[in-house]
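Taking it in order: structure first as structure tokens, then the write-up.
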2 protein chains.
Amino acid sequence: MKKPTLEMVAAHAGVSRATVSRVVNGTPTVEPTIASRVQRSIDELHYVPNRAARSLASNRAGAVALVVPESTSKVFTDPFFGAVIMGIAGVLDDTDFTLTMIIESEANAEKTHRYLTGGNVDGALVLSHHAGDRSYGSLTDRVPLVYGGRPVVEVPGAVCIDVDNLAAARLAVGHVIGSGRRRIATIAGPQTMRPGVERLEGWRGALADAGLEPGPIAYGDFTTTSGTRAARELLAGGEPFDAIFAANDQMALGAYPVLREAGLQIPGDVAVMGFDDSPFSQTSEPPLTTMNQPMVRLGAEMARKLLAMIDKQHPEPLTMLHASLVERGSV
Amino acid sequence: MKKPTLEMVAAHAGVSRATVSRVVNGTPTVEPTIASRVQRSIDELHYVPNRAARSLASNRAGAVALVVPESTSKVFTDPFFGAVIMGIAGVLDDTDFTLTMIIESEANAEKTHRYLTGGNVDGALVLSHHAGDRSYGSLTDRVPLVYGGRPVVEVPGAVCIDVDNLAAARLAVGHVIGSGRRRIATIAGPQTMRPGVERLEGWRGALADAGLEPGPIAYGDFTTTSGTRAARELLAGGEPFDAIFAANDQMALGAYPVLREAGLQIPGDVAVMGFDDSPFSQTSEPPLTTMNQPMVRLGAEMARKLLAMIDKQHPEPLTMLHASLVERGSV
DNA sequence: TTGTAAGCGTTATCAT
DNA sequence: ATGATAACGCTTACAA
């Protein structure tokens, strides 16, 4: 008893291969009597369709790719990554699409390109990345593509799903203002990355809305040490502040020791607001008030959109997810 | 100009399809002249082989699966995960195997099983998991399988690659002893997980080697809060100690505030040793001395072994990787 | 060394 | 509603 083929099932059930194929694919035009007879044969023989054959004949791959630019994948250490995958996997699980991982490095960029256009997948999910992602533009109309986190350069016709960083930052800073702070500094992220830009923008917006003057700005690169450096700059600047809005948790926490050394209490003298709800934020002293991004949901939405596109539908080109405030002890 | 097929390349180069196939697959028995002529045609036409067809004809999938039990995937938030994937991807990148991700939940266990045995992949990498992984035993001789982190229940004939937790724990505790501590407590992990068991065992071993009495033991579940609770138990136990060896960083850091509240200096009064070299360990105050596990390497070795097995070789059934000490400020 | 031709297991197009 | 019968694009004996 080897691997049963469709043909064997057909013989077993006393019907043609075509009919078995119909049953397997849920074609409605099959006499129920026959259908269940075929189904019984399938079960009895433990028949499992052969993916390759099916793909070859139908010209569909039954797979979608998750493309993670290597630069992003350094942020791989990033718990986000796992959450997004879980969201994707959760959705794909109800279909019979398979998830193929592609770590795209400079070295294999062309290989990736060929892979995606080579009919190996029915669509691709591209995880957020920095500038310089010129390459995907041409792909957009060759294969269904969904971006998670909008590329810095808007790709015409691209379908994206992202967390609304600007709104989230406004919400965050609004919360700080609500706590009574008036001179709110920020440790901004790199302005080459969209989140960096938008979170800074949100800070400005919230301040403007409240009729407050913008406080001092220092820039970091999302690392803890850059946060430490930025906090020193802020202090050295001489401009007074009673709160810091950091563009991510790591930079916020990097500021902690600096403030402490300066004899400043958190949140007593200076409130600190983070962003990301990273695991770090829970264990710091005081625990960091921050913004939570719905990453599992992001993954799920990406997958859903891609499936829709593969199904020839035309989903909204841009979906914004909302981050939520996580109150802990630093504001 | 549609997707070029092997046939078109053959026509273009004026040879048979078989020859083109040989060139594509690097069969050595092709006249160099012809080979390069074919290659030129391939390049010119931008020919990319069709995976499905190739797979169907050759009865090979050209893909390996990475199976992550969902239980493990909660540890997904775990940066380890990304590191292992990178290691795997790095190795696979030089081949033309594809990486297929499978998140295995209770719900789709059978689906996974069928997928793996259904000829969809040439082999699978199974990421470490708890007890109760009865299911893979039967797979071991049906499809090449490599475990990362040994399953609690030894699967006969299974090929594993793991970090030597026992040796690492000994090394860690040895370091603590070397720093002059004599009464070393431990916050152990769950004894249902191999790392939990082995790290506790390593602690015992190192103490015994040094002729020291074992200090008090408290158990946690690898979470920060469980570490906090365990530290309280340790303190409440009344048995004095001048060091804590925690089975992971999170638990170690969970103990920090408890020690501090008790007026104990780290490492002055109590040294704290972690395990994992998680990102947390760098940003704590004081930064945590801990053990680093070579996760990228783990992924790479897993992939290498699997490729060897797919290639009909018989790699060592068990490879142990060594963790290394990362000295920071808590010991 | 190269070509011929028979599959590989499905799907899809026509008839029936 | 069901059944023949071509494709689908490639690999692989086997023949030349």
Side-chain angles (χ1 to χ4, degrees), chain A residues 1-39 41-42 45-63 96 98 114-115 117-122, chain B residues 1-39 41-42 45-63 96 98 114-115 117-122:
Chain A
M1 211 146 99
K2 273 289 158 192
K3 291 227 160 114
T5 68
L6 197 157
E7 170 131 39
M8 297 170 63
V9 176
H12 184 107
V15 297
S16 74
R17 292 179 305 181
T19 299
V20 178
S21 177
R22 288 183 184 110
V23 172
V24 169
N25 294 288
T27 305
T29 67
V30 178
E31 186 106 355
T33 337
I34 304 245
S36 68
R37 175 148 48 98
V38 171
Q39 187 57 55
S41 297
I42 290 178
L45 300 180
H46 297 299
Y47 166 71
V48 179
N50 177 309
R51 233 187 163 69
R54 191 196 282 238
S55 168
L56 180 58
S58 65
N59 198 30
R60 271 171 273 138
D96 40 34
T98 264
R114 279 202 318 258
Y115 185 82
T117 55
N120 299 298
V121 293
D122 298 311
Chain B
M1 210 144 99
K2 276 288 159 193
K3 290 226 160 113
T5 67
L6 198 158
E7 171 132 39
M8 297 171 63
V9 176
H12 184 107
V15 298
S16 74
R17 294 182 306 183
T19 300
V20 177
S21 176
R22 290 183 184 110
V23 172
V24 169
N25 295 290
T27 305
T29 67
V30 179
E31 184 107 355
T33 337
I34 303 245
S36 68
R37 175 147 49 95
V38 170
Q39 187 57 56
S41 296
I42 290 177
L45 300 181
H46 296 299
Y47 167 71
V48 179
N50 178 309
R51 238 187 158 66
R54 192 197 282 235
S55 169
L56 180 57
S58 65
N59 198 30
R60 272 170 273 139
D96 39 34
T98 264
R114 279 203 317 258
Y115 186 82
T117 54
N120 299 298
V121 294
D122 298 311

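Naming convention: chains lettered A, B, ... in sequence-line order (proteins, then strands); numbering from 1 in each chain.
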Exercise. Atom CG of L45(B) and atom P of dG9(D): how far apart are they, to the nearest Å?
Worked result: 15 Å
Problem set entry | Minimal non-hydrogen separation, V9(B) against S41(B), with atom names | CG1-CB, 4.0 Å
For this session: Ignoring backbone atoms, test whether R60(A) places a side-chain nitrogen or oxygen under 4.0 Å from the OP1 or OP2 oxygen of dA12(C).
Result: yes
For this session: Would you please confirm or rule out a distance under 4.0 Å between OP1 or OP2 of dT11(C) and any side-chain N or O of N25(A)?
Result: yes
Problem set entry | Interatomic distance, E7(A) CD vs dG7(C) P [rounded to whole Å] | 12 Å
Exercise. Of all the nucleotides listed (dG3(C), dC10(D), dT2(D)), which has the minimum atom distance to the side chain of V30(A)?
Worked result: dT2(D)
Exercise. Nearest to the side chain of L56(A), which nucleotide is it out of dG9(C), dT4(C), dA1(D)?
Worked result: dG9(C)
Exercise. For dT11(C), does OP1 or OP2 lie under 4.0 Å from any side-chain N or O of S21(A)?
Worked result: yes
For this session: Among dC10(D), dC8(D), dA12(C), find the nucleotide with the atom closest to the side chain of A18(A).
Result: dA12(C)
Exercise. Considering only side-chain heavy atoms of S16(A), which listed nucleotide, dA4(D), dA6(C), dG9(C), is closest?
Worked result: dA4(D)
Problem set entry | Phosphate OP1/OP2 of dT10(C): any S58(A) side-chain N/O under 4.0 Å | no
For this session: Indicate yes or no: at least one non-hydrogen side-chain atom of R54(B) is less than 4.5 angstrom from one of N25(B).
Result: yes
Problem set entry | Donor-acceptor contact below 3.5 Å, side chain D122(B) vs main chain A61(B) | yes
For this session: Assess whether atom CG of N59(B) is packed by more than 12 heavy atoms of other residues, nucleotides or ligands within 6.0 Å.
Result: no
For this session: Go through dC10(D), dA12(C), dT2(C) for me and flag the one nearest to the R22(B) side chain.
Result: dT2(C)
Exercise. Atom CZ of R37(A) to atom P of dA1(D): distance rounded to whole Å?
Worked result: 16 Å
For this session: Return the value, rounded to whole Å, for the distance between atom CZ of R17(B) and atom P of dA13(D).
Result: 16 Å
Exercise. What is the distance, rounded to the nearest whole Å, between atom OH of Y47(B) and atom C1' of dG9(D)?
Worked result: 7 Å
For this session: Hey, which sits more toward the 5' end of DNA chain C by its nearest nucleotide, E31(B) or A52(A)?
Result: E31(B)
Exercise. Given the rule in the side-chain contact (heavy atoms from CB on, under 4.5 Å) test, do T19(A) and I34(A) qualify, once you have shown the distances and angles that lead to the verdict?
Worked result: CA-CA 9 Å; T19(A) 299; I34(A) 304 245; 3.9 Å; yes
Problem set entry | Contact under 4.0 Å: T29(B) side-chain N or O vs dT1(C) OP1/OP2 | no
For this session: Would you indicate which nucleotide in dA4(D), dG9(C), dT2(C) comes nearest to any side-chain atom of A53(A)?
Result: dG9(C)
Exercise. Does a nitrogen or oxygen in the side chain of R54(A) sit under 4.0 Å from OP1 or OP2 of dG9(C)?
Worked result: no
Seminar exercise, completed: Residue pair V15(B)/A57(B) against DNA chain C: nearer the 5' end by closest nucleotide is V15(B)
Problem set entry | Heavy-atom check, side chain of V121(B) versus side chain of Y115(B), under 4.5 Å | yes
Exercise. Roughly, in whole Å, what's the span from CZ in R51(B) to C1' in dC8(D)?
Worked result: 17 Å
Problem set entry | Short side-chain N/O contact to dG9(C) OP1/OP2 from T5(A), under 4.0 Å | no
For this session: Write down the distance between CG (L6(A)) and P (dG9(C)), rounded to a whole number of angstrom.
Result: 11 Å
